[in-house]
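Following: one structure in structure tokens, then a few remarks.
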There are 2 protein chains.
Amino acid sequence: MENLKDLKKLALFKGCSDQDIARMKNCFKAEIASFEKGEVIINQSSKANRVYLIVKGEANVEHEDMFGNIAIILNLKAGDFFGLEEAYADKNTYKDALVSAEKSIVASFDRQKIISPCSNNCLCHQILAKDMMKMISARSLALTDKIKHLSQRGIKDKVLSYLETQSRIAGASYFDIPFNKTELANYLAVERSALSTVLGKLKKEGTIDFDKKRYHIKIKKEEE
Amino acid sequence: MENLKDLKKLALFKGCSDQDIARMKNCFKAEIASFEKGEVIINQSSKANRVYLIVKGEANVEHEDMFGNIAIILNLKAGDFFGLEEAYADKNTYKDALVSAEKSIVASFDRQKIISPCSNNCLCHQILAKDMMKMISARSLALTDKIKHLSQRGIKDKVLSYLETQSRIAGASYFDIPFNKTELANYLAVERSALSTVLGKLKKEGTIDFDKKRYHIKIKKEEE
DNA sequence: CCCTATTTGTTGCAAAAACAACAAAACTTA
DNA sequence: TAAGTTTTGTTGTTTTTGCAACAAATAGGG
């Protein structure tokens, strides 16, 4: 099982021995699978009986509304979970889909095993449980951040709000974002072409610069 | 301490005796205060060293952006927490303010005491810890719901998305929402006057009806 | 390296939302 | 109940966005 290497790289399992991980995999009824870009890992509205862990690559949490519009709710990276909230809040269907954003490896675990205390007394299970809390909290804060972007009036303010947050996270005025233009439009819930126009304008104005997925905030907007 | 009565009403403390609650209050360094409508319970950007519990009434999580626009992120009711995520994710400032939405009673606890295991072995502390996970998960799902509303193109779709969710939660086509029109506009991040126009149109069309904070979805939009 | 698929930029037009300003209605409270 | 405050509705103007269609640029695969 060469996937063990990828698992061990995750901060989540730091300090766990191979045996620990092997035992946990068994304990949680783990399964590991790999996906190509664009492949659906788990469908919207399907039964929520597993919890997914991105082991390698990236995946997007997506929601399709009644008109067929796709919204990218969140971008998940290695170490991030999908489905934990449903498990803990006792919801039995996922309200969103998980879609591989690039070549990825995803582990999944039995929902019930994850949320209930381990009978086997796995060495890492306690650590894991503690981390869960932290991860869900971080997710919650990330969602709040996103709401802040979406709450901006106008595409210009939305995109600047997003880019400033990304810049702050990166701790630099140059930074990469996980979205191409089409995906960024989906993430910000605006028209792709309109976003393109606004980005072009901001570039011409000299406020920002960008190339591919790399951005640069040249003029920092002042906080209130 | 007559506030004890209010605390005991919360699902969170069901099955806890007065002594249990008294011990927990001591253990968590609890403080209780009451607030009028519009009063700021805790300011945006202030030090996040306490966790707040709405004991009675309602409060809104609000965010003011760099242009002075107020966004209502979330409406909290009795039993809901504020600041838990910051505690668990180890953030030291609140990114939002908590504002009393009506006459309310709010308890606050020492952040550190909440997130670390209790040395006194309070009877309810374990239960509390378990509920925390559930609450944060539920919050996360609620935020995802809101993102879905905000992701809709156009005010009409936003407000219908919101009202349908509220209707589903209430389990009826008649239901009350916690916002007046101004607050609803802030929650949906749109112009109040534009929202007013759209609501009027929907009422004239016969899609919905409303009076004060009571709404009625007359024609149900079909899911995809 | 060429062919194809995807991504990105551009434009014009129609529709919608922001904004501002004001009037009517409802709610407070003295 | 009268005065003042807040909420809600209305309207006209300006700006922005959505939408559709197309062209250019880029990436990916054989």
Side-chain angles (χ1 to χ4, degrees), chain A residues 36-39 60 65 67-72 99-103 149-162 176-205 207-215, chain B residues 36-39 60 65 67-72 99-103 149-162 176-205 207-215:
Chain A
E36 295 301 318
K37 172 174 181 170
E39 259 194 283
N60 290 329
D65 68 23
F67 308 111
N69 296 315
I70 304 288
I72 295 183
V99 179
S100 187
E102 54 181 60
K103 226 174 189 321
H149 309 143
L150 294 187
S151 296
Q152 296 297 322
R153 313 301 164 83
I155 294 181
K156 181 178 161 188
D157 292 334
K158 283 189 174 74
V159 73
L160 283 178
S161 171
Y162 171 72
D176 289 314
I177 70 171
F179 303 126
N180 64 29
K181 303 292 185 292
T182 305
E183 292 167 331
L184 181 58
N186 284 336
Y187 181 83
L188 296 176
V190 297
E191 255 295 310
R192 183 201 59 78
S193 67
L195 172 65
S196 183
T197 306
V198 170
L199 281 174
K201 206 178 296 177
L202 286 170
K203 184 186 262 189
K204 208 164 291 171
E205 281 179 14
T207 312
I208 65 169
D209 197 10
F210 57 89
D211 179 49
K212 310 277 164 59
K213 295 181 171 182
R214 169 154 287 249
Y215 289 76
Chain B
E36 296 300 319
K37 172 175 179 171
E39 259 193 284
N60 291 329
D65 68 24
F67 308 112
N69 296 315
I70 305 286
I72 295 184
V99 180
S100 188
E102 55 181 60
K103 227 175 187 319
H149 309 143
L150 293 187
S151 297
Q152 297 296 324
R153 311 300 165 84
I155 294 181
K156 182 177 161 189
D157 292 334
K158 282 189 174 75
V159 73
L160 284 178
S161 171
Y162 171 72
D176 289 314
I177 70 170
F179 303 126
N180 65 28
K181 303 292 185 291
T182 305
E183 292 166 332
L184 181 57
N186 283 337
Y187 181 82
L188 295 177
V190 297
E191 255 295 310
R192 183 200 59 77
S193 67
L195 173 64
S196 183
T197 307
V198 169
L199 281 174
K201 206 177 296 176
L202 286 170
K203 183 187 263 189
K204 207 163 291 169
E205 281 178 14
T207 313
I208 65 170
D209 198 9
F210 57 90
D211 179 49
K212 311 276 162 60
K213 294 182 172 183
R214 169 152 288 248
Y215 289 75

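Residue numbering restarts at 1 for every chain, and letters A, B, ... go by the order of the sequence lines.
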Rounded interatomic separation in angstrom, taking NZ from B:K103 and C1' from C:dT28: 15 Å
Sugar-phosphate, base or nothing in reach of B:F210, heavy atoms under 4.0 Å: sugar-phosphate
Terminal contacting nucleotides, 5' and 3', DNA chain D versus chain A (heavy atom, 4.0 Å): D:dT17 to D:dA27
Considering all heavy atoms, the nearest A:L199-A:I208 contact: CD2-CD1, 3.8 Å
Report, one pair per line, the protein and nucleotides 17-19 of chain C atoms (nitrogen or oxygen only) whose separation is under 3.5 Å.
residue: C:dA17; atom: OP1; partner: B:I155; partner atom: N; Å: 2.4
residue: C:dA18; atom: OP2; partner: B:E191; partner atom: N; Å: 3.1

Contacts of type side-chain contact (heavy atoms from CB on, under 4.5 Å), residue B:D176, not counting sequence neighbours: B:R214
Any residue meeting side-chain contact (heavy atoms from CB on, under 4.5 Å) with B:S161, in chain and number order, not counting sequence neighbours: B:H149, B:Q152
Salt bridge (Lys or Arg N to Asp or Glu O under 4.0 Å) partners of residues 179-197 of chain A, not counting sequence neighbours, each pair once: none
Residue list, side-chain hydrogen bond (donor to acceptor under 3.5 Å, both in side chains) with B:K203, at least two apart or on another chain: none
Closest-nucleotide 5' rank along DNA chain D - winner of B:T197 and B:K181: B:K181
Under the salt bridge (Lys or Arg N to Asp or Glu O under 4.0 Å) test, residues paired with B:K37 that sit two or more places apart: none
Check: B:L184 and B:Y162 side chains under 4.5 Å, non-hydrogen atoms: yes
With A:S100 via side-chain contact (heavy atoms from CB on, under 4.5 Å) - residues at least two apart: A:F35, A:I41, A:S104
Under the ring pair (Phe, Tyr, Trp, His ring centres under 6.0 Å) test, residues paired with A:Y215 that sit two or more places apart: A:F210
Closest non-hydrogen atom pair between A:L188 and A:L150, with its separation: O-CD2, 3.4 Å
Heavy-atom check, side chain of A:I72 versus side chain of A:V99, under 4.5 Å: no
Minimal non-hydrogen separation, A:N180 against A:K213, with atom names: N-CE, 3.7 Å
Bend angle of the helix from C:dC1-D:dG30 to C:dA30-D:dT1, end axes from five pairs each (to 10°): 60°
Distance below 4.0 Å between A:N180 side-chain N/O and C:dT8 OP1 or OP2: yes
When you compare the protein's N or O atoms with those of nucleotides 25-27 of chain C, which come within less than 3.5 Å of each other, and at what distance?
residue: C:dC27; atom: OP1; partner: B:K212; partner atom: NZ; Å: 3.1

Partner residues of A:K201 under the side-chain contact (heavy atoms from CB on, under 4.5 Å) criterion, sequence neighbours left out: A:E205
